[in-house]
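Worksheet: the structure to be examined is printed underneath.
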Amino acid sequence: MTPPLGVILAGGLATRMGGGDKGRLLVGGQSLLSRVVDRLSPQVSGLALNANGDPERFADLGLAVIADSIEGFAGPLAGVLAGLDWAAEQGADTIVTAAADTPFFPADLVARLTAAAEGMDHPLVMATTPRTGDEALKSGGGKRVNRHPAFGLWPVALREDLRAALNDGLRKVVLWTDRHGGREALFGADPFDPFFNINTPEDLARAEALLA
């Protein structure tokens, strides 16, 4: 079976970091985005970047740059749809997405998502991690895991359904994945959650400390 195509989601506004391209921030002397590229590219059969605005600003990466087709920064599902449309043009069946601000995600992300989808007509799997410490005590409707909707396996076959849902105003990822019987792949969170993402200057400092 051909590995999925990979799509890095970088279409957000980065408001908590003062705007701009958060993926260009440096951790350990290397940009977040280049760290994500290095981590995802060996796991997939091809790679694209979902980002809005002038694509030329990412020319140094040598990746296809695909913009949201849904207007108004509709969140990660809009990036997923852009990736599915791109994958359809490549003749691919599935994509795996990863966020541009999450430099430590697992090196076996794609293999584990794919394994969790075994037997599904339309492979649809989201990464999760167990809630630990104080988080485990928080209310979450009985949920004992954190879902990471930017990290998932998505089927090209459901792209028109997703487009219709987005055009109807749906923005919450899990509402759509639950509708289609989406599964979860559980990853460990020790010594820290590998899906830790960088939203604030404090997060950036924590990432530097984790690397050190």
Side-chain angles (χ1 to χ4, degrees), residues 2-68 73 75-76 78-87 89-90 92 94-114 126-127 129 148-154 185 187-189 191-212:
T2 306
L5 290 172
V7 177
I8 298 170
L9 302 178
L13 295 171
T15 50
R16 282 181 281 178
M17 292 296 283
D21 291 314
K22 189 166 42 166
R24 293 297 196 182
L25 296 171
L26 297 181
V27 175
Q30 186 179 359
S31 76
L32 293 174
L33 195 46
S34 65
R35 287 184 179 277
V36 172
V37 169
D38 288 351
R39 192 159 281 237
L40 188 58
S41 56
Q43 303 187 50
V44 294
S45 57
L47 195 57
L49 177 68
N50 162 239
N52 299 300
D54 183 6
E56 284 302 311
R57 70 191 194 277
F58 296 111
D60 58 301
L61 297 173
L63 299 177
V65 180
I66 50 179
D68 294 349
F73 295 99
V80 171
L81 177 60
L84 291 173
D85 285 341
W86 169 72
E89 292 170 4
Q90 315 300 311
T94 54
I95 64 169
V96 166
T97 54
D101 61 357
T102 309
F104 306 119
F105 68 87
D108 61 351
L109 173 74
V110 174
R112 304 236 335 244
L113 292 174
T114 303
M126 186 188 305
T129 47
H148 303 287
F151 290 85
L153 173 69
W154 312 88
F187 293 82
F192 65 92
D193 192 324
F195 299 100
F196 158 64
N197 67 312
I198 292 166
N199 284 319
T200 65
E202 291 77 19
D203 292 338
L204 196 62
R206 183 185 171 209
E208 289 279 7
L210 287 171
L211 270 180

- Task: Could you walk me through whether Gln30 and Asp38 pass the side chain to side chain donor-acceptor pair (under 3.5 Å) test, one step at a time?
- Result: CA-CA 11 Å; Gln30 186 179 359; Asp38 288 351; 2.9 Å; yes
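- Proximity of a side-chain donor or acceptor of Asp54 to a complementary backbone N or O of Glu56 within less than 3.5 Å is detected.
- Side chains of Leu204 and Val27 form a contact here, defined as non-hydrogen atoms less than 4.5 Å apart.
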- Query: Going through the checks in order, is the side chain to side chain donor-acceptor pair (under 3.5 Å) test met by Asp68 and Asn50?
  - Reply: CA-CA 7 Å; Asp68 294 349; Asn50 162 239; 2.9 Å; yes
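- Ile66 contributes atom CD1, which lies 8.5 Å from atom CD of Glu89 (distance to the nearest 0.5 angstrom).
- Proximity of Arg112 to Phe187: side-chain heavy atoms (C-beta onward) are separated by under 4.5 Å at one or more points.
- Judged purely by atom type and a 3.5 angstrom limit, Arg39 has no side-chain atom pairing as donor or acceptor with the backbone of Val36.
- The two atoms that bring Phe151 and Ala99 nearest to each other are CZ-N, 3.4 Å, heavy atoms only.
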- Apply the test side-chain contact (heavy atoms from CB on, under 4.5 Å) to residues Leu33 and Leu61: give CA-CA distance (whole Å), side-chain angles for both, the deciding distance (0.1 Å), then the verdict. CA-CA 9 Å; Leu33 195 46; Leu61 297 173; 3.5 Å; yes
- For Trp154 and Thr94, run side chain to side chain donor-acceptor pair (under 3.5 Å): C-alpha distance rounded to whole Å, both residues' side-chain angles, the deciding distance at 0.1 Å, then the answer. CA-CA 6 Å; Trp154 312 88; Thr94 54; over 6 Å; no
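- The line from CD1 of Ile198 to NZ of Lys22 is 8.0 Å long, rounded to the nearest 0.5 Å.
- In terms of heavy atoms, Ala51 sits closest to Phe58 at CB-CE1, 3.5 Å.
- At distances below 3.5 Å, not a single donor-acceptor pair connects side-chain atoms of Asn52 with backbone N or O atoms of Ala67.
- Taking OG1 from Thr200 and CG from Asp203, the interatomic distance works out to 3.5 Å, rounded to the nearest 0.5 Å.
- Salt-bridge annotation for Arg24 and Asp60: present, with a side-chain N of the basic residue lying under 4.0 Å from a carboxylate O of the acidic one.
- Put simply, OG1 on Thr102 and CZ on Phe196 are 9.0 Å apart, with the number rounded to the nearest 0.5 Å.
- Closest approach of Pro4 and Thr114 over heavy atoms only: CG-OG1, 4.2 Å.
- Annotation: the span from Ile8 atom CD1 to Leu63 atom CG amounts to 6.0 Å, rounded to 0.5 Å.
- Put simply, the side chain of Asp193 never gets that close to the backbone of Ala189: no donor and acceptor are under 3.5 Å apart.
- The main-chain N or O of Leu32 is never found under 3.5 Å from a side-chain atom of Asp101 such that the two would form a donor-acceptor pair.
- Contact annotation: the side chain of Val96 never approaches that of Gln43 to less than 4.5 Å [non-hydrogen atoms, C-beta and beyond].
- Checking side-chain atoms of Glu208 against main-chain N and O of Gly28 turns up a donor-acceptor pair under 3.5 Å.
- You'll find the ring centres of Phe104 and Phe192 inside the 6.0 Å limit.
- In this structure a side-chain-to-backbone donor-acceptor pair under 3.5 Å is missing from Asp85 to Ala82.
- In terms of modelled atom types and a separation under 3.5 Å, the side chain of Ser31 and the main chain of Ser34 share a donor-acceptor contact.
- Minimum interatomic distance between Val7 and Ile95 (heavy atoms only, all atoms of both residues): CG2-CD1, 4.1 Å.
- Looking only at distances, a side-chain donor or acceptor of Ser45 sits under 3.5 Å from a matching main-chain atom of Pro3.
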